[in-house]
Amino acid sequence: MHTVNAFIILLMVATLVAALSRRIRIPYTVALVAVGLALGTIGTFDAPPLDKELLFAVFLPGLLFEAAYHLKADEFWRNKFAIIVLAVPGVVVAIALTALLVLGAASAGWLSNVGWRQALIFAALIAATDPVAVVALFRELGVDRRLQVLVEGESLLNDGTAVVIFSLALAVATGGSDSIPSPQYLIGQFALMAGGGLAVGVLSALGITWCMRRVDDPATEITLTMIAAYGSFALAESLGVSGVIATVASGMVCGSYAAKMAMTQSTRDAVVGFWSYVSFILNSIVFLLLGLQIHLQSLADAWLAILLSYLAVTVGRAIMIFSVSALLRPTRERLPGGWPALMVIGGLRGALSMVLALSLPLSFPARGQIVTTTFGVVVLSILVQGSATAIAAGRMVRRTKREGGAGVRDAEGAIAV
């Protein structure tokens with residue numbers, strides 16, 4: 001009953017924060033984390049810990065599926081090169097740059113107890129961006145749909161990429177110097193985990209579609225989408241492949257194929273309404289738990305390490321985003337001026353990074369330092385970048401409206417932030 005009571009209180013707090021955030025015009029997730037921090041500092045009540053089991057079993061599949069369900073296949077396909085470059089090789093580059101910058105700070109004497117293992121693990125677990133706050137904000141402000149697709153598509157795919165790379169990096173970092181696998185082996189393992197997850201997700205969604213075509217009952221079909229979301233994740237994880245990628249693939253197939261081929265209009269409306277509600281509940285609780293998980297005093301004691309790490313993460317992402325933007329400039333998928341900067345500040349970190357940090361073995365060197373630094377970077381990311389994204393996106397939309405264009409037509413600065 002203690003856990004049930006805690007969740008009821010969290011829902012009450014989330015409802016109050018949702019109402020107040022709309023009145024005072026601040027991003028909902030920023031307000032949730034701030035309230036969570038305040039409640040955690042006051043010590044109002046004991047909330048369930050946001051651990052890997054809770055996130056992977058309850059929150060992550062539902063959040064990923066809902067976001068992927070709305071990311072239509074045709075929109076993804078029109079931006080496939082940009083999204084894939086950002087989410088796969090782009091993440092690898094961002095991880096490498098972040099690790100190098102952290103090592104540079106350590107060699108300069110600004111960070112202690114940091115070797116290549118700690119730098120690699122931290123860079124891998126902090127690589128995944130959280131699209132929830134940013135995409136919700138973009139929808140509310142009316143930001144160009146293509147920018148929404150790019151941010152959401154990159155974030156959904158880089159979650160899977162980051163989790164796979166983190167698993168491989170942990171295996172490398174915890175092995176002895178004689179047991180470090182070859183690059184060919186690591187690439188093969190990455191392809192197996194990512195490709196296996198993709199296959200599980202697509203096949204699960206096709207099976208669910210086959211079932212839907214034989215029923216015409218909204219409640220049953222909603223239940224089938226839940227099976228697609230949580231079942232594909234659980235099946236992929238049990239097979240040793242990426243559950244994140246499986247759920248994303250399942251959501252995209254259900255949203256783009258099953259919705260057209262196996263659902264009536266009334267069922268489609270019911271499914272969208274149901275998953276919108278699930279997304280609101282899961283997001284509200286996870287961001288409150290995120291704030292409640294953090295102890296402000298420990299963050300204050302490690303402020304220099306947090307600040308330097310945050311700068312390394314931000315600079316690493318900025319170099320990656322602007323490099324990809326330059327690579328895309330001669331193509332049809334080029335990024336209009338102002339979009340790269342907004343994608344840099346919109347690359348918020350969230351609960352996934354914190355849970356990956358907490359999942360490190362207790363015997364891992366400097367584990368406590370990595371956990372504290374990760375928590376601090378996540379808090380800075382949500383509070384600082386979340387607020388900055390709201391301001392920058394609002395300016396971009398107002399400028400686009402003044403110029404009377406959609407922003408995409410001018411690739412050289414029509415919507416500069």
Without swapping roles, check the side chain of [X] against the backbone of [Y] for a donor-acceptor pair under 3.5 Å.
X      : Y      : result
Ser256 : Val253 : no
Thr225 : Ile222 : yes
Thr389 : Ile345 : yes
Arg146 : Glu333 : yes
Ser232 : Gly201 : no
Arg213 : Thr209 : no

[Y] side chain reached by [X] side chain, heavy atoms, under 4.5 Å:
X      : Y      : value
Thr220 : Met212 : no
Val271 : Met263 : yes
Leu54  : Leu289 : yes
Phe287 : Val35  : no
Val91  : Met320 : no
Asn283 : Tyr28  : no
Arg117 : Ile121 : no
Lys80  : Ile83  : no

How many angstroms lie between atom [atom1] of [X] and atom [atom2] of [Y], to the nearest 0.5 angstrom?
X      : Y      : atom1 : atom2 : value
Leu348 : Thr29  : CG    : OG1   : 7.0 Å
Glu66  : Leu71  : CD    : CG    : 11.0 Å
Ser266 : Glu221 : OG    : CD    : 8.5 Å
Ser325 : Ile321 : OG    : CD1   : 8.5 Å
Met252 : Phe76  : CE    : CZ    : 5.0 Å
Ile281 : Phe7   : CD1   : CZ    : 11.0 Å

Summary of side chain to side chain donor-acceptor pair (under 3.5 Å) pairs that have at least one residue in residues 84-112, sequence neighbours excluded: none
Sequence neighbours excluded - side chain to side chain donor-acceptor pair (under 3.5 Å) pairs with any residue from residues 368-384: none
Gln118 and Ile370: CA distance, side-chain angles, deciding distance, side-chain contact (heavy atoms from CB on, under 4.5 Å) verdict: CA-CA 7 Å; Gln118 289 76 25; Ile370 293 174; 4.1 Å; yes
Report the residues that fulfil salt bridge (charged side-chain N to carboxylate O under 4.0 Å, His left out) with [X], sequence neighbours left out, ordered by chain and then residue number.
X      : value
Arg349 : none
Glu154 : Arg317
Arg145 : Glu75

Work out which heavy atom in [X] is nearest to a heavy atom in [Y]; give both atom names and the distance.
X      : Y      : value
Thr223 : Ala219 : OG1-O, 2.9 Å
Ile84  : Pro89  : O-CD, 3.4 Å
Ala236 : Ser242 : CB-O, 3.7 Å
Leu168 : Leu186 : CD1-O, 3.7 Å
Ala171 : Thr174 : O-OG1, 3.5 Å
Leu156 : Val248 : O-CG2, 3.9 Å

ring-ring contact (aromatic ring centres under 6.0 Å, His included) pairs, two or more places apart, involving residues 211-255: Phe56-Phe233
Pairs flagged by ring-ring contact (aromatic ring centres under 6.0 Å, His included) wherever residues 254-279 is involved - sequence neighbours left out: Phe65-Trp275
Verdict with reasoning, Phe280 to Ile285, per side-chain contact (heavy atoms from CB on, under 4.5 Å): CA-CA 9 Å; Phe280 169 76; Ile285 294 176; over 6 Å; no
Arg332 atom CZ, neighbour heavy-atom count above 12 within 6.0 Å: no
Verdict with reasoning, Ser323 to Val93, per side-chain contact (heavy atoms from CB on, under 4.5 Å): CA-CA 10 Å; Ser323 298; Val93 170; over 6 Å; no
For residues 351-367, which side-chain N or O atoms pair as donor and acceptor with protein atoms under 3.5 Å away, sequence neighbours left out?
unit_1: Ser353; atom_1: OG; unit_2: Leu125; atom_2: O; d: 2.8
unit_1: Ser359; atom_1: OG; unit_2: Leu356; atom_2: O; d: 2.6
unit_1: Arg367; atom_1: NE; unit_2: Leu360; atom_2: O; d: 2.8
unit_1: Arg367; atom_1: NH2; unit_2: Leu358; atom_2: O; d: 2.7

side-chain contact (heavy atoms from CB on, under 4.5 Å) involving Ile306 - partner list, sequence neighbours excluded: Leu299, Ala302, Leu380
Any side-chain donor near an acceptor of the partner, Thr129 and Asn158, under 3.5 Å: yes
Any residue meeting side chain to side chain donor-acceptor pair (under 3.5 Å) with [X], in chain and number order, not counting sequence neighbours:
X      : value
Asp269 : Gln265
Thr267 : Thr264
Gln385 : Tyr310

Verdict with supporting geometry, Arg395 and Ile391, side-chain contact (heavy atoms from CB on, under 4.5 Å): CA-CA 6 Å; Arg395 289 178 178 174; Ile391 296 171; 3.8 Å; yes
